[in-house]
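For the numbers below, each heavy atom of this structure counts, side chains included, while hydrogens, waters and symmetry mates do not. Here is the naming used below: chain letters follow the sequence lines, and residue numbers restart at 1 for every chain. Values in this document were obtained by computation on a predicted structure and should not be read as measured data.
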Number of protein chains: 2
Amino acid sequence: MSETTGLRIGRVADLAGVGVETIRFYEREGLVPQPPRRPSGYRQYPPDTVDRIRFIKRAKELGFTLREIRELLHLRTSSGGRCEDVRRRAESKVVEIEGKIRDLEAMQRALESLIAACQRDAPVADCPILEALSGPEAR
Amino acid sequence: MSETTGLRIGRVADLAGVGVETIRFYEREGLVPQPPRRPSGYRQYPPDTVDRIRFIKRAKELGFTLREIRELLHLRTSSGGRCEDVRRRAESKVVEIEGKIRDLEAMQRALESLIAACQRDAPVADCPILEALSGPEAR
DNA sequence: ATACGGCCCGTACTCGACTACGGAGTTCAG
DNA sequence: CTGAACTCCGTAGTCGAGTACGGGCCGTAT
């Protein structure tokens, strides 16, 4: 009955920065594996569950859907474990992520130029932000 | 009556890769400015509206909410045009974007290592992807 | 031993972001 | 000059991702 017993759901929720209900929801959706239970029915989480949930949170903030995140998390074990298939899926995710990084960098450059223009006391209305941001090359 | 007249909503939708209803929705939400109308009531869009909508699309895919995107798009003109305020807001966006890029790069490295492990014919179940992805440093 | 949390479950509700009507007027190619 | 395709508007419905009950069982500090 020490701390090797595992974490209860509320503790995991606190550590990961989400609500208890969110964890149960992720469990239903297959994003967090079903943990062992005590005889009482209480869930007992291994500590690394916290990292998994934090990962889900970050990935959401990066524009991945729960469906995509589930795929990412299951890359290891899915497709009957056939390596070739896993590799292909991983590679296409890498390409997707590269695109996101490129877009973010473009937004960043646009914002930097807005900031620079402001510092040169140029009237804000003349900042070229929108032109840069909504530039011609779309996805 | 040449092409200088402007685009009708359906054309803009096609070019930007969204539905007509989405554009009307964005207009209601203040993400796309209200265009001039013909006497018939038909909207007549300047061509750069297409870029604006593409930008909205990309930004959504990068995890920004419509509220945040509206803020970005209004940076120039909001806050009564007071430069200092605009600059501060832009700078905090830059920081946020830097964080996103860092997280994406971490995911990418994790995926690369999964791919590498696969190519070395290591059994997929042993790939260290999850450990890398859900690493200790959260947001 | 009891009370005040925490946890169980299922169901229902919310919120953001669309998406789909339906009935009327408009455009324009043939 | 007609008919198919497009547009208008308002309202309602959907979908993803949670969030909130409510009634009942656990656990533990006093």
Does the ring of A/Phe55 carry A/Lys60 above it, NZ/CZ under 6.0 angstrom from centre and within 45° of its axis? no
Are A/Lys93 and A/Phe64 in a cation-pi setup, meaning NZ or CZ lies under 6.0 angstrom from the ring centre and within 45 degrees of the ring axis? no
Determine yes or no for a side-chain-to-main-chain donor-acceptor pair under 3.5 angstrom, with A/Lys100 supplying the side chain and B/Glu61 the backbone. yes
Taking the side chain as everything from C-beta on, heavy atoms only, tell me whether A/Pro35 gets closer than 4.5 Å to A/Glu27. yes
Measuring to OP1 and OP2 of D/dG16, would you say a side-chain N or O of A/Lys60 lies under 4.0 angstrom away? no
When the distance from [atom1] of [X] to [atom2] of [N] is rounded to whole Å, what number comes out?
X: A/Leu66; N: D/dC15; atom1: CG; atom2: P; answer: 16 Å
X: B/Ile69; N: C/dG16; atom1: CD1; atom2: C1'; answer: 12 Å
X: B/Ile9; N: D/dC9; atom1: CD1; atom2: C1'; answer: 12 Å
X: A/Gln44; N: C/dC7; atom1: CD; atom2: P; answer: 12 Å
X: A/Ile53; N: D/dG18; atom1: CD1; atom2: P; answer: 11 Å
X: A/Tyr45; N: C/dC7; atom1: OH; atom2: C1'; answer: 11 Å
X: B/Arg70; N: C/dC18; atom1: CZ; atom2: P; answer: 12 Å
X: A/Ile56; N: D/dG16; atom1: CD1; atom2: P; answer: 17 Å

Judged by nearest nucleotide, the residue sitting upstream toward the 5' end of DNA chain C, B/Thr65 or B/Pro39, is B/Thr65
Polar side-chain contact A/Tyr42-C/dC8 base: donor and acceptor under 3.5 Å: no
Among C/dC8, C/dT27, C/dG6, which nucleotide has an atom closest to any side-chain atom of A/Arg43? C/dC8
CA sep, side-chain torsions, deciding dist, call: B/Arg102, B/Glu98, salt bridge (charged side-chain N to carboxylate O under 4.0 Å, His left out): CA-CA 6 Å; B/Arg102 248 185 293 100; B/Glu98 271 162 5; 5.4 Å; no
Pick the closest DNA chain D nucleotide for A/Arg8 and for B/Arg11 by heavy atoms, then say which residue is nearer the 5' end. B/Arg11
Which sits closer to the 5' end of DNA chain D, A/Gly19 or A/Ser40, going by the nucleotide each is nearest to? A/Gly19
Proximity to DNA chain D (any heavy atom under 4.0 Å), residues of residues 20-38 of chain B only: B/Arg24, B/Arg37
Mind running side-chain contact (heavy atoms from CB on, under 4.5 Å) on A/Arg89 and A/Asp85 for me, showing each step along the way? CA-CA 6 Å; A/Arg89 272 128 69 75; A/Asp85 194 48; 3.8 Å; yes
Please report the shortest heavy-atom distance between B/Arg37 and B/Gly41, naming the atom on each side. NH1-O, 2.8 Å
